[in-house]
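Notes for the one structure printed next.
No experiment lies behind these values; they were computed from the predicted model shown. Sequence lines set the chain letters: A, B, ... in the order given, protein chains first and strands last, and positions in each chain run from 1.
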Number of protein chains: 2
Amino acid sequence: MNRIESFRKICKEQGIKVTPQRTAIFDALEDSRDHPTAEIIFQAIRKRFPTISLDTVYRTLMTFVKIGIAHVVETQGNTKRFDANMEIHHHAHCLKCGKILDFYSADYDNLEVPQEIRNQFTVMDKKVVIHGVCKKCSQKQKDL
Amino acid sequence: MNRIESFRKICKEQGIKVTPQRTAIFDALEDSRDHPTAEIIFQAIRKRFPTISLDTVYRTLMTFVKIGIAHVVETQGNTKRFDANMEIHHHAHCLKCGKILDFYSADYDNLEVPQEIRNQFTVMDKKVVIHGVCKKCSQKQKDL
DNA sequence: TTCTTATATAGGAATCATTCTTATTTGTCA
DNA sequence: TGACAAATAAGAATGATTCCTATATAAGAA
Ligand SMILES: [Mn+2]
Ligand SMILES: [Mn+2]
Ligand SMILES: [Zn+2]
Ligand SMILES: [Zn+2]
């Protein structure tokens with residue numbers, strides 16, 4: 001079963017329609033491993049889909065989050081960024097250029113949520129976020 | 001040395017002026033343990049400081065981040081939230097009401113950043129973010 | 001204390017991100 | 001092949017943040 005077939009299946013299961021827009025947005029999101037914004041997805045799709053509206057992109061991405069095939073990434077910024085990588089993983093953010101890198105760590109995954117929190121929250125997700133400056137940006141700083 | 005004296009000292013060290021606006025904003029941020037937005041700080045200060053501008057609040061909060069006396073909180077949302085709690089700690093977010101709870105965990109703090117990331121990033125900060133639904137919001141759901 | 005000047009602020013306009021409204025179109029299923 | 005609920009396009013509206021610039025002021029020098 002290829003990507004598109006599996007997407008159709010998920011839509012069926014969730015009772016939402018398989019539209020060309022949704023398919024294109026899903027495709028674009030899966031293709032990019034770099035946590036794109038709605039605007040970036042919009043621009044990417046526009047080439048082959050000149051009448052698509054930015055609103056549809058936002059709406060669709062949030063639909064994907066609701067049905068569990070995408071995540072909104074935690075950021076300090078004012079722009080939502082989306083992630084189609086649904087494996088358990090963690091993020092390293094560059095505070096200069098905004099790049100977000102995925103990484104995997106069994107140690108991190110196995111951390112227990114403290115009892116104190118489990119008493120007060122129904123936990124759905126747990127993620128480690130690392131802030132720093134990437135190599136490229138450090139280099140740029142030195143060059144000045 | 002009280003809060004205001006220590007704030008004056010930090011400003012001196014960082015070479016920025018001690019203005020009544022900055023003092024009031026710092027005070028308001030320290031008073032709130034609930035990760036307020038710039039708008040909330042603005043409204044709180046406005047009472048005693050009727051001419052303060054929202055722009056000053058934003059600018060000042062970002063100055064505090066730059067000189068290391070505040071953090072921008074990681075969120076999925078489109079509004080910046082600020083944190084004057086500079087101790088090492090972690091966050092639990094309620095996805096329904098947006099509440100952000102601090103928590104402390106030596107286990108979390110002691111996690112090593114993977115070599116893979118240290119090779120590519122100068123790490124400045126590491127934080128665990130837990131997503132879930134708080135008690136109050138779960139209750140509300142049931143009541144419907 | 002007074003003067004000087006680099007910084008900071010107020011206020012409003014501008015910009016960017018996101019959501020809403022409504023008329024139209026289109027998957028889906030009988 | 002319809003019927004109809006759901007989805008989309010387009011543009012307006014809203015919300016968050018930043019920019020512009022004239023004015024005010026903190027802080028060090030005299
Ligand atoms: Mn990711
Ligand atoms: Mn906190
Ligand atoms: Zn970078
Ligand atoms: Zn809640």
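A salt bridge links E13(B) to K9(B): at least one charged side-chain nitrogen sits closer than 4.0 Å to a carboxylate oxygen. With respect to D27(B) and R22(B), no salt bridge is recorded, no charged nitrogen being found less than 4.0 Å from a carboxylate O. A salt bridge does not link K127(A) to E74(A): none of the charged nitrogens lies less than 4.0 Å from a carboxylate oxygen.
Shown for residues 24-56 of chain A: residues whose heavy atoms fall under 4.0 angstrom of DNA chain C, namely L54(A), D55(A).
One atom, CZ of F7(B), and another, P of dA26(D), lie 13 Å apart when rounded to the nearest Å. Regarding Y58(A), its OH atom lies at a distance of 16 Å from the P atom of dT8(D), rounded to whole Å. If you take CD of Q14(A) and C1' of dA7(D), they are 17 Å apart, rounded to a whole angstrom. The interatomic distance linking Q76(A) (CD) with dT17(D) (P) rounds to 13 Å, in whole Å. Per the geometry, CE belonging to M62(B) stands 11 Å off P belonging to dC19(D), to the nearest Å. Taking atom CD of Q21(B) as the reference point, atom C1' of dA26(D) lies 11 Å away to the nearest angstrom.
Comparing the start and finish of the helix from dT1(C)-dA30(D) to dA30(C)-dT1(D), five pairs each, the helix axis swings through 40°, to the nearest 10 degrees.
Across all non-hydrogen atoms, the minimal contact from R81(A) to D34(A) is NH2-O, 3.2 Å. The shortest non-hydrogen separation linking I25(A) to T56(A) is CD1-O, 4.1 Å. Listed here is the closest heavy atom pair of V73(A) and H35(A): CG2-CD2, 3.8 Å. For the residue pair Y108(B) and H90(B), the shortest heavy atom distance occurs at CB-NE2, 3.4 Å.
Think of the region where chain A sits on DNA chain C: with heavy atoms and a 4.0 Å cut, that region ends 5' and 3' at dA17(C) to dT28(C).
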| Given Q43(B) and E39(B), is the side-chain hydrogen bond (donor to acceptor under 3.5 Å, both in side chains) satisfied, shown in steps? | CA-CA 6 Å; Q43(B) 295 301 346; E39(B) 177 72 29; 2.7 Å; yes

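R8(B) CZ: 12 or fewer foreign heavy atoms inside a 6.0 Å radius.
Between R81(B) and C11(B), the residue anchored nearer the 5' end of DNA chain D, judged by the nucleotide with its closest heavy atom, is R81(B). The residue among G77(B) and K12(A) whose nearest nucleotide of DNA chain C lies closer to the 5′ end is G77(B).
Between T75(B) and I100(B), the closest side-chain pair of non-hydrogen atoms falls below 4.5 Å.
Using a 4.0 Å heavy-atom cutoff across all strands shown, R59(B) reaches at least one base atom of the nucleic acid.
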